[in-house]
Amino acid sequence: MYSQNVPEINRIAIARMDAAGHRFTTGRQLILATLAAMSQPATIPMILLAEPGLAQSSLYRNLAILEECGLVTRLMIGNDYALFELSEELTAHHHHHLVCRYCNTVTDVDLPTPTEELLDRTLGQATAARGFKLEDHRLDLVGMCNRCQKKGVTS
């Protein structure tokens, strides 16, 4: 689902990092490549498991810098549970999320083009009516995943 074009990701990242006054270090490059390979939102432990060469101590700091530069998006689930994914600019793929409120699993979901266009128009009208210029939207659909339903988790 995500763009696997790592050279293009690196080209964009170098420009963004340079504009923000940061260096595009080997560690930051490895984080972006790892997220691209994972193709799903991931927690810090998931990232470390996927790429043991990353140091946990620098991962937190580097994710914050990558987020600041618009290369990584942080998804907050509840008050203290965060997942990270490549920004839509890097993936060239607009999507939304299914969030399980019981196990905190996050799954990407695509809407049909007509639905996405209707959503864009509706949100644009609602925000314009309040003098707000809409630039983008994210939609998180919260509920219970199939795995938790099969386990019999009760709400």
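The shown structure was predicted, so the numbers you read here are calculated from the model rather than taken from an experiment.
Using a 3.5 Å distance cut-off with no hydrogens or angles, the side chains of E116 and H94 do pair a donor with an acceptor.
In this structure, D108 CG and L98 CG are separated by 8.5 Å, a value rounded to the nearest 0.5 Å. If you take OH on Y102 and CZ on R147, they are separated by 14.5 Å, rounding to the nearest 0.5 Å. To the nearest 0.5 angstrom, L54 atom CG is 8.5 Å from L63 atom CG. To the nearest 0.5 Å, atom CG of residue L86 and atom CD1 of residue I12 are 10.0 Å apart. Atom OG in S58 sits 10.0 Å away from atom CD1 in I65 (nearest 0.5 Å). Note that CD1 of I47 and CG of N62 are 11.0 Å apart. Values are rounded to the nearest 0.5 Å.
In this structure, the side chains of I44 and F84 come closer than 4.5 Å at one or more pairs of heavy atoms. The shortest distance between side-chain heavy atoms of Q40 and E85 does not fall below 4.5 Å. Side-chain contact between H96 and D140: absent, with no pair of heavy atoms (C-beta onward) separated by less than 4.5 Å.
Among residues at least two apart or in separate chains, salt bridge (charged side-chain N to carboxylate O under 4.0 Å, His left out) pairs with a member in residues 9-32 are E8-R11, R16-E89. Among residues at least two apart or in separate chains, there is no ring-ring contact (aromatic ring centres under 6.0 Å, His included) pair with a member in residues 19-38. Applying the salt bridge (charged side-chain N to carboxylate O under 4.0 Å, His left out) definition to pairs two or more places apart or across chains, those involving residues 50-67 are E67-R74. Sequence neighbours left out, the pairs with a member in residues 118-135 that pass side chain to side chain donor-acceptor pair (under 3.5 Å) are D120-H137.
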Chi angles and distances behind the side-chain contact (heavy atoms from CB on, under 4.5 Å) call for H97, V109: CA-CA 6 Å; H97 301 105; V109 64; 5.9 Å; no
Intermediate values then yes/no, side-chain hydrogen bond (donor to acceptor under 3.5 Å, both in side chains), H93 and D110: CA-CA 9 Å; H93 177 249; D110 295 322; 2.8 Å; yes
Derivation and outcome, side-chain contact (heavy atoms from CB on, under 4.5 Å), residues L32 and V72: CA-CA 8 Å; L32 294 181; V72 168; 3.8 Å; yes
CA sep, side-chain torsions, deciding dist, call: T115, L119, side-chain contact (heavy atoms from CB on, under 4.5 Å): CA-CA 6 Å; T115 304; L119 184 58; 5.5 Å; no
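L75 forms part of a hydrophobic cluster together with I77, Y81, L83, V99, V106, V142, judged by ILVMFWY side-chain heavy-atom separations under 4.5 Å.
Of all heavy-atom pairs between M46 and P41, the closest is CE-O, 3.9 Å. Considering all non-hydrogen atoms of both residues, L71 and M17 come closest at CD1-SD, 3.8 Å. When every heavy atom of C145 is checked against every heavy atom of C100, the shortest pair comes out as N-SG, 3.4 Å. In this structure, G124 and L134 approach most closely via the heavy-atom pair N-CD2, 3.8 Å.
Criterion: ILVMFWY side-chain heavy atoms under 4.5 Å apart, direct or through other members. Under it, Y60 and M38 are part of a common hydrophobic cluster. Put simply, L49 and L35 are part of two different groups of oily side chains (I, L, V, M, F, W, Y) that touch within less than 4.5 Å, one to the next.
Annotation: side-chain hydrogen bond (donor to acceptor under 3.5 Å, both in side chains) contacts of T73 (sequence neighbours excluded): none.
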